[in-house]
Amino acid sequence: MSGWEKNIRKVVPYVPGEQPKEEDVIKLNTNENPYGPSPRVKGKQLELEKLRLYPDPCASQLVKAIADYHGLKTENVFVGVGSDDVIAMSFLTFFNSEKEILFPDVTYSFYDVWADMLKIPYRTVAVDDKFKILSEDYKCPNGGIIFPNPNAPTGIAEPVSFVEDIVSANKDVIVIVDEAYVDFGGESAVSLIDKYDNLLVVRTFSKSRSMAGIRIGYAMGNEKLIQYLNDVKYSFNSYTMNMPSIELGVMSIEDEGYFRESIAKVISTRERFIKEIEKLGFTCLPSKANFVFATHERLKAKYIFEEAKKNKIYVRHFNKPRIENYLRITIGTDEQMDIFIDFLKNLV
Ligand code: PMP
C-alpha cells in the first residue's frame, strides 16, 4: 500500500440498480414511475440565458411551493438533490452522538453506507418473520432512528400511530421517517411535525412525481431542525439546487390532477399484478409502494432474475441474508406488466 493510501477515507459504496444501456428493455428494477412528469413540466420553457447566474441558494420558489402544498411554513421545509442528498445531510447533521443509531435489518441499503462513511455507530434491528418493523424494538437508548414508511424493499406500510409510538418514545434523538413511497397508499407522518420537534419526514420527486432524473428531495420538520440542516448544507455546498430543478419542481407541484391520476394508475396495476402472479405460485408482501416484493414457491429468485434479464426484463434481486429468495418488482405500465406476467407463465 502506498504511504498516502492509509489516509484515504475508504468506503464500500452503495450499488444502485442497473441502468441498462440498450433500448427496448422493460425496466422494473429501480422503482421509477412509467408515466413521466406532468405535461406542465414537459411544456415549461426554460430561460437558458439565466444559467449564467447562480441559482437561488435557498431554492425559495420550490420551498414555498412544497410548504404550501403540505400546509406548512417555508421554515419547515428543506430541499436537496434527491432524498439521498437530504438523508445524507440529515445523517451528518443529526446523528452526532457516541450512541448507535437504529434502523431495520431489511431496509434501504444506503443507510449503512452513510453511517459507515460518516463513522456513525449503528445497529440494525431485525424485522419480524413477516418482515414487519416492531416499534417496541426502538424503545431503548440510541443515537437516532431512521426507517422508511412504507419500508423498502418490502413495501410494507405502518399507520401514523406506529410512527408516533416510536417518535414519542425517543424525544431525545431525531427520528427520520423516509416517505419515498408514501404516495402509493401509505399514511404520512407530516401531521405529527407540529407535535414533535424530533421528527423529520423525508420525501422525493423520484417516484410518485415521476422525476427521478431531476433529483429533488425534501425534508419537513420543526423550524429548528430545518435551520440546523441548512447550517450544515451551507457549510458544504450552497448551490445544490440548480435553476431548471427549481422551476420544473414547482411545475410538478402545481399539477395535482396529473399527479393523482398517475398514482391511481400505478396502484391499480399493482393490485392486478399481485393477483396475477399469486396464481403462478408467488407470494407477495402487502405493498403500499410502487413495487412488489415477491417470492416463488419453487423457483429461486436469482434464477428468475437472470432469466428475466436474458429476456430484456430488469427486476431487482438483493443477494442478502433473509431476502435472497425475493425479487423487488417495480410497477410499470399495464402493457409492461402483461409482458412480464407472460414471461413468468412460460418460466413457471
Ligand atoms: N429512500 C428510499 C427508501 C429509496 O428507495 C430511495 C430510492 N433509491 C431513496 C430514498 C432515494 O431516492 P432519491 O434520491 O431519488 O430521492
Side-chain angles (χ1 to χ4, degrees), residues 13-19 27-34 36-37 59 62 66 77-92 101 103-115 117 124 127 131 133 145-158 163 175-186 188-189 200-220 229 233 240-242 245-246 248-249 252-253 259 266 270 285 287-293 314-318 320 323 326-331:
Y14 170 73
V15 184
E18 197 173 339
Q19 295 290 353
K27 202 171 166 302
L28 309 175
N29 68 336
T30 50
N31 296 344
E32 287 139 336
N33 181 324
L62 182 59
I66 293 170
V77 176
F78 172 87
V79 293
V81 186
S83 51
D84 281 343
D85 177 46
V86 174
I87 300 170
M89 284 291 138
S90 305
F91 270 49
L92 195 55
I101 64 162
F103 47 84
D105 62 340
V106 176
T107 197
Y108 185 30
S109 47
F110 220 142
Y111 300 156
D112 55 346
V113 175
W114 286 311
M117 183 182 70
T124 58
V127 292
F131 292 100
I133 301 174
I145 294 170
I146 181 162
F147 59 92
N149 191 34
N151 195 7
T154 62
I156 299 175
E158 296 298 342
V163 176
V175 178
I176 303 175
V177 183
D178 179 351
E179 293 190 349
Y181 301 101
V182 76
D183 291 320
F184 298 103
S188 175
L200 191 79
V201 175
V202 178
R203 295 275 189 101
T204 178
F205 278 47
S206 299
K207 321 291 178 181
S208 50
R209 295 196 174 275
S210 201
M211 292 173 82
I214 200 105
R215 313 303 304 131
I216 300 175
Y218 58 102
M220 295 172 285
L229 256 177
K233 172 226 159 112
T240 53
M241 305 304 291
N242 64 59
S245 293
I246 295 171
L248 298 177
S252 167
I253 292 273
F259 174 66
V266 171
R270 177 185 73 204
L285 299 188
S287 172
K288 293 284 184 207
N290 67 337
F291 57 82
V292 169
F293 206 45
Y314 287 71
V315 294
R316 192 88 194 259
H317 174 249
F318 299 93
K320 290 190 161 182
I323 57 170
Y326 280 79
L327 292 175
R328 192 195 68 190
I329 305 155
T330 304
I331 301 302

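Both ligands and their constituent atoms are indexed starting at 1 by order of listing.
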Restricting to ring pair (Phe, Tyr, Trp, His ring centres under 6.0 Å), what partner residues turn up for Phe259, sequence neighbours left out?
none

Measuring from Lys233:NZ to Leu92:CG, what's the distance to the nearest 0.5 Å?
13.5 Å

Can you name the residues that form a side chain to side chain donor-acceptor pair (under 3.5 Å) with Asn33, not counting sequence neighbours?
none

Would you please say whether a donor-acceptor pair under 3.5 Å links the side chains of Tyr14 and Asp84?
no

Sequence-distant partners of Arg209, side chain to side chain donor-acceptor pair (under 3.5 Å), two or more places apart:
Ser252

Under 3.5 Å, is there a donor-acceptor pair between the Lys27 and Thr30 side chains?
yes

What are the distances between nitrogen or oxygen atoms of ligand 1 and protein nitrogen or oxygen atoms, counting only those under 3.5 Å?
unit_1   : atom_1 : unit_2 : atom_2 : d
ligand 1 : 1 (N)  : Asp178 : OD1    : 3.3
ligand 1 : 1 (N)  : Asp178 : OD2    : 2.6
ligand 1 : 5 (O)  : Tyr181 : OH     : 2.6
ligand 1 : 8 (N)  : Tyr108 : OH     : 3.1
ligand 1 : 12 (O) : Ser83  : OG     : 3.2
ligand 1 : 14 (O) : Ser83  : N      : 3.2
ligand 1 : 14 (O) : Asp84  : N      : 3.0
ligand 1 : 14 (O) : Asp84  : OD2    : 3.4
ligand 1 : 14 (O) : Arg215 : NH2    : 2.7
ligand 1 : 15 (O) : Ser206 : OG     : 2.6
ligand 1 : 15 (O) : Arg215 : NH1    : 2.8
ligand 1 : 15 (O) : Arg215 : NH2    : 3.4
ligand 1 : 16 (O) : Ser83  : N      : 2.6
ligand 1 : 16 (O) : Ser83  : OG     : 2.6
ligand 1 : 16 (O) : Thr204 : OG1    : 2.5
ligand 1 : 16 (O) : Ser206 : OG     : 3.4

